[in-house]
Student: 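Quick one: the structure is below, questions incoming.
Naming convention: chains lettered A, B, ... in sequence-line order (proteins, then strands); numbering from 1 in each chain.
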Amino acid sequence: MQSKISAGRFFEDFKLHEVIQHATPRTITAGDSALYIALTGARNPLHCSEPLAQALGYPNMPIDDLLAFHIAFGKTVPDVSVNAVANLGYADVRFLQPIYVGDTLTTSSEVIGLKQNSSGKNGVVWVRSTTLNQHQQPVLSWVRWVMVQKRNHEATAPETVIPELPEFVAAESLAIPANFKLQNDLGVATRGKYWWDDYEVGECMRHPSGLTINETDHTLATHLYQNNARLHFDAHLMKSTPQGKRLVYGGVVISACRALSYEGLENAISILAINGGTHANPSYAGDTIYCLTKVLDKWSLPHPELGALRLRMVGVKNMPPTTLENIKTTQGYHPHVVLDLDYTVLIPRKGN
Amino acid sequence: MQSKISAGRFFEDFKLHEVIQHATPRTITAGDSALYIALTGARNPLHCSEPLAQALGYPNMPIDDLLAFHIAFGKTVPDVSVNAVANLGYADVRFLQPIYVGDTLTTSSEVIGLKQNSSGKNGVVWVRSTTLNQHQQPVLSWVRWVMVQKRNHEATAPETVIPELPEFVAAESLAIPANFKLQNDLGVATRGKYWWDDYEVGECMRHPSGLTINETDHTLATHLYQNNARLHFDAHLMKSTPQGKRLVYGGVVISACRALSYEGLENAISILAINGGTHANPSYAGDTIYCLTKVLDKWSLPHPELGALRLRMVGVKNMPPTTLENIKTTQGYHPHVVLDLDYTVLIPRKGN
Amino acid sequence: MQSKISAGRFFEDFKLHEVIQHATPRTITAGDSALYIALTGARNPLHCSEPLAQALGYPNMPIDDLLAFHIAFGKTVPDVSVNAVANLGYADVRFLQPIYVGDTLTTSSEVIGLKQNSSGKNGVVWVRSTTLNQHQQPVLSWVRWVMVQKRNHEATAPETVIPELPEFVAAESLAIPANFKLQNDLGVATRGKYWWDDYEVGECMRHPSGLTINETDHTLATHLYQNNARLHFDAHLMKSTPQGKRLVYGGVVISACRALSYEGLENAISILAINGGTHANPSYAGDTIYCLTKVLDKWSLPHPELGALRLRMVGVKNMPPTTLENIKTTQGYHPHVVLDLDYTVLIPRKGN
């Protein structure tokens, strides 16, 4: 009798242009949002004040961009990365539409690149994942690439196809909220004094707060996202690995940094794109995460009241970011750097 | 002045056929469901996708069967088991109707059996508990029996009455969803390839994932269920017990095993009955729970698209279930076995 | 370029009668209430049974009084106490209206007192904070005072103004629910046998249950309240303080005690006022909290079915309250006492 337990896809199971429909459609609830606040300390009022969201032109409170992304991403894990040796990167992450309580998200992935490694033991798979809401409208889209084991080392190598990926999502490709209208309410709600006009390319913000990750925090979050990668949950299994303990899901670190960077970016109310990112070093329960942000670029947008900032968000563990001199040298990342993320935010321009 | 603090019921306080109305009616919310996902990693789409639930003929997403059961069960603790020496067993647990967000559950228990132990210091109490929704419809019903201290060892023994209990809930007594209609959507939503027809009696599934229980996980869950049994919450009290620490509520282990056994049972979308169960060894924070499932029996049901599987769900701690040879010997349970549960699930038959 | 990171207000930044509008309006959701139950073990049915709340004359389930208070209070932290040396006290906390899921809370604070300390390095600031719902109706109001650092020790001292504060909120100032009607349902829902008539001034209840606080519990709760005081979250920072570790937010201890004191106060369904309170000693993760309650006073109210009890709620850690002889001596508080709170509850009178 055939085993009922799927071993997951190996490298030779991925076919170019194949589309994988992922399991577990998910209806977003107010419970997800409350838990996200409790798990991250997020204070962005766009996601916790219905009257504010409506004043800004949204029909209702959208949920936090990263909550949506982590839920969408989690669905791809059983099909894409369960036999991954390494998560190599992601790019071209686009936040196409706000997501609301009551929306149901489904995710599929198309295989867009394949390259067997010279060892013949594994290979790199690129997928473009797309999340639809219940109206079949795309709400999220991203590319990631992972190194996956071969089941059978003798299996024939596929033709090598390496997709071209943009270095960053260009300003003209960013999805901006259709009916946005800036209201005084926003400045009152965030108490942030700075707007698009006030930020300068090259500026660096060293956010002062730190967040210590506890064992339950990251497992609750990762389970909320229905991401079932074993290395986050199974301490018995991880005891026999070099780390000796459970790893914190990278999305937990991204969310921690986003919440910590609220101080200094109060009016950067939503994420338009993640251009790329590296989890430079692993994080474990007990680590305290800090964050610094550099302004990489600033763009006007085809809306008179809105602009975009391209930011570099750097997560640092167990040392305040004020004491970090070099994020990266020719030797690689500073050993306390855990995240180097390039992303783009929406921030209103100064009102008149 | 009389103490305002109730010491709870002792053995001699239970009278045959007495009905105890338990405190704390509870309206189920979307917050309960979100927390349940975060606490267990449950991925059954029936409980997290409104469009799927509706496509299958439900008016809305029902909440997870075990979330409902643990909430209902929690209400009985202050009246039934607060002075229990031991929770001896449960049987004939019937899931009579789906429970939805917005439903309000109230639980009562009838004393259906009494037997004083020969020591004269305690006795066994059997209760049949019933949970109603706000329409006064029974949604859950179960029997459990506990050994309870006597307050006064001199109190007269009641007449011994031992209820007859079914070894398992018979197929013809199972409540099947009235308007269920199988849709392709289910296989798409679960990505499970196996249906009622595919499972064989005797078949064993060793589910590969493990879940390490943290101290906060189990206390959050047990409090969510408003189960106030002290041994789960009071570390100071437990320091002076032989275990030396807080015990994990057995329901937490059942839920962990149910979520872990999703791999291999993806289409077993709801629980129809729990036939009986034993918490073979205690669980503590830090334990990693694994699960294996044996198919005990399979029954067709009076609905052309549905069948039932009677399963044995075995929870094992701190060793992968692949390495477990004997669950139980004449010496008793393997010391790593924490749960031995006999339950019945609903699973659609293969579509045409 | 000016730093985008606000250092927060120092003593000389507070001006008498200035009104500070705090950030982060917050729409309350069912997720907040579910998490509050999971974090505290609260079993008050007024906050978890919609049919009961409606039977008692409320339009819907109000959320737990302390959940509302902690959320409202959390908003004041970035403006009032981020540079506080000490939280000195609070008084005249009034619960003016029930708060429901869907309500949006905003909080502002008026500076009502200032007194520079003789050292010239810091001073005491008194603020009266008021929380409005989305209808601009006041729902909560309270005074607290904190000792705040001066940025510049040479800054001129303001005129000393010390506000007069009531020792307790007088019975005639308590806001009682407009349409309350006692129903038998309440006694059935709480299983509490005691009513306003049954409590005597001077009576003491030593609540038997204990609650051990885990690291994640208190950080989840404090983040849920969007209280960003660093000493609760940043273990790396706290390592170099005399305590060496994160402090538990005082509100977490108050909520634990309120939930623990349910046994003996089952029918005390809502909080009308907090008259004052002291966090006598700090609490840390790992501490087990117990509670005892003394009845300080009892008042009839201008509603034939309702009365008020003024209570002293004492939180004790790592020793059962049955063994506590003296809460406070001339030497100060017993070293295990963590909370001494004077508050007033609403409790129905005995029905006819």
Student: Search all heavy atoms of Gln226(B) against all heavy atoms of Ala42(C) and return the closest pair with its distance.
Tutor: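 Result for this residue pair: NE2-O, 3.0 Å.
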
Student: Name the option with the most non-hydrogen atom pairs under 4.5 Å to chain C; the candidates are Asp217(B), Leu35(B), Leu237(B).
Tutor: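 Greatest number of close heavy-atom pairs with chain C: Leu35(B).
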
Student: For Ser209(C), is it the side chain, the backbone, both or neither that has a heavy atom under 4.5 Å from a heavy atom of chain B?
Tutor: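 Both backbone and side chain of Ser209(C) come within 4.5 Å of chain B.
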
Student: How far does CZ of Arg43(C) sit from CG of Asn227(B), to the nearest 0.5 angstrom?
Tutor: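 One finds 9.5 Å between CZ of Arg43(C) and CG of Asn227(B).
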
Student: Would you name the heavy atoms of Val188(C) and Gln21(B) that are closest together and state the gap between them?
Tutor: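 Result for this residue pair: CG1-CG, 3.8 Å.
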
Student: Given a strict heavy-atom distance threshold of 4.5 Å, which part of Ala34(B) is in contact with chain C: side chain, backbone, both, or neither?
Tutor: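 Ala34(B) has no heavy atom closer than 4.5 Å to chain C.
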
Student: Tell me which of these, Met319(C), Lys193(C), His47(C), has more heavy-atom pairs under 4.5 Å with chain B than the rest.
Tutor: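 Looking at each option in turn, the highest pair count goes to Met319(C).
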
Student: Treating Thr216(C) as the side-chain partner and Thr216(B) as the backbone partner, does any N or O pair qualify as donor plus acceptor under 3.5 Å?
Tutor: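 No, because the side chain of Thr216(C) does not come within donor-acceptor range (under 3.5 Å) of the backbone of Thr216(B).
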
Student: Where on His207(C) is there a heavy atom nearer than 4.5 Å to chain B: the side chain, the backbone, both, or neither?
Tutor: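 Both parts, backbone and side chain.
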
Student: Near Asn179(C) CG, under 6.0 Å, is it more than 12 heavy atoms from other residues, nucleotides or ligands?
Tutor: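 For Asn179(C), atom CG is not crowded (no more than 12 foreign heavy atoms under 6.0 Å).
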
Student: For the candidates Lys239(B), His236(B), Lys75(B), which exhibits the highest count of non-hydrogen atom pairs separated by less than 4.5 Å from chain C?
Tutor: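 Option with the top pair count is His236(B).
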
Student: Is Lys4(B) reaching over with its side chain to a backbone N or O of Asp198(C), donor-acceptor style, under 3.5 angstrom?
Tutor: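 Side chain of Lys4(B) to backbone of Asp198(C): a pair is present.
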
Student: Given that the side chain runs from C-beta out, which part of Arg230(B) has a heavy atom under 4.5 Å from chain C: side chain, backbone, both or neither?
Tutor: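 When you check distances to chain C, only side chain atoms of Arg230(B) fall under 4.5 Å.
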
Student: Minimum heavy-atom separation for Gly264(C) and Ile5(B), please, with both atom names.
Tutor: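 Result for this residue pair: CA-CD1, 4.1 Å.
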
Student: Which atoms of Tyr290(C) come close to chain B, meaning under 4.5 Å heavy atom to heavy atom: side chain ones, backbone ones, both, or neither?
Tutor: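 For Tyr290(C), the side chain is the part near chain B, not the backbone.
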
Student: Just by distance, no angles: are the side chains of Asn214(C) and Thr219(B) close enough, under 3.5 Å, to form a donor-acceptor pair?
Tutor: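 Per modelled atom types, Asn214(C) and Thr219(B) side chains form a pair under 3.5 Å.
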
Student: Indicate the atoms forming the closest heavy-atom contact of Thr24(B) with Pro45(C), along with that distance.
Tutor: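 Residues Thr24(B) and Pro45(C), closest heavy atoms: CA-CB, 4.4 Å.
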
Student: So, for His223(B) and Ile37(C), which heavy atoms are closest and what is the spacing to 0.1 Å?
Tutor: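 Heavy atoms of His223(B) and Ile37(C) come nearest at O-CG2, 3.5 Å.
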
Student: Give me the atom names and distance for the closest heavy-atom approach of Thr27(B) to Met61(C).
Tutor: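 Taking Thr27(B) first and Met61(C) second, the nearest heavy atoms are CB-CE, 4.1 Å.
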
Student: Considering only heavy atoms, which portion of Thr29(C) lies under 4.5 Å from any heavy atom of chain B: side chain, backbone, both, or neither?
Tutor: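 For Thr29(C), no heavy atom lies under 4.5 Å from chain B.
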
Student: Could you tell me which portion of Leu220(C) (side chain, backbone, both or neither) has an atom closer than 4.5 angstrom to a non-hydrogen atom of chain B?
Tutor: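 For Leu220(C), the side chain is the part near chain B, not the backbone.
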
Student: Within this structure, what is the OG1-CE distance for the pair Thr288(C) and Met238(B), rounded to the nearest 0.5 Å?
Tutor: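 The distance works out to 11.5 Å.
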
Student: So what's closer than 4.5 Å to chain C heavy atoms on His22(B): side chain, backbone, both or neither?
Tutor: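 Just its backbone gets close to chain C.
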
Student: Which bit of Ser49(C) comes within less than 4.5 Å of chain B, counting heavy atoms only: side chain, backbone, both or neither?
Tutor: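 For Ser49(C), backbone and side chain are both near chain B.
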
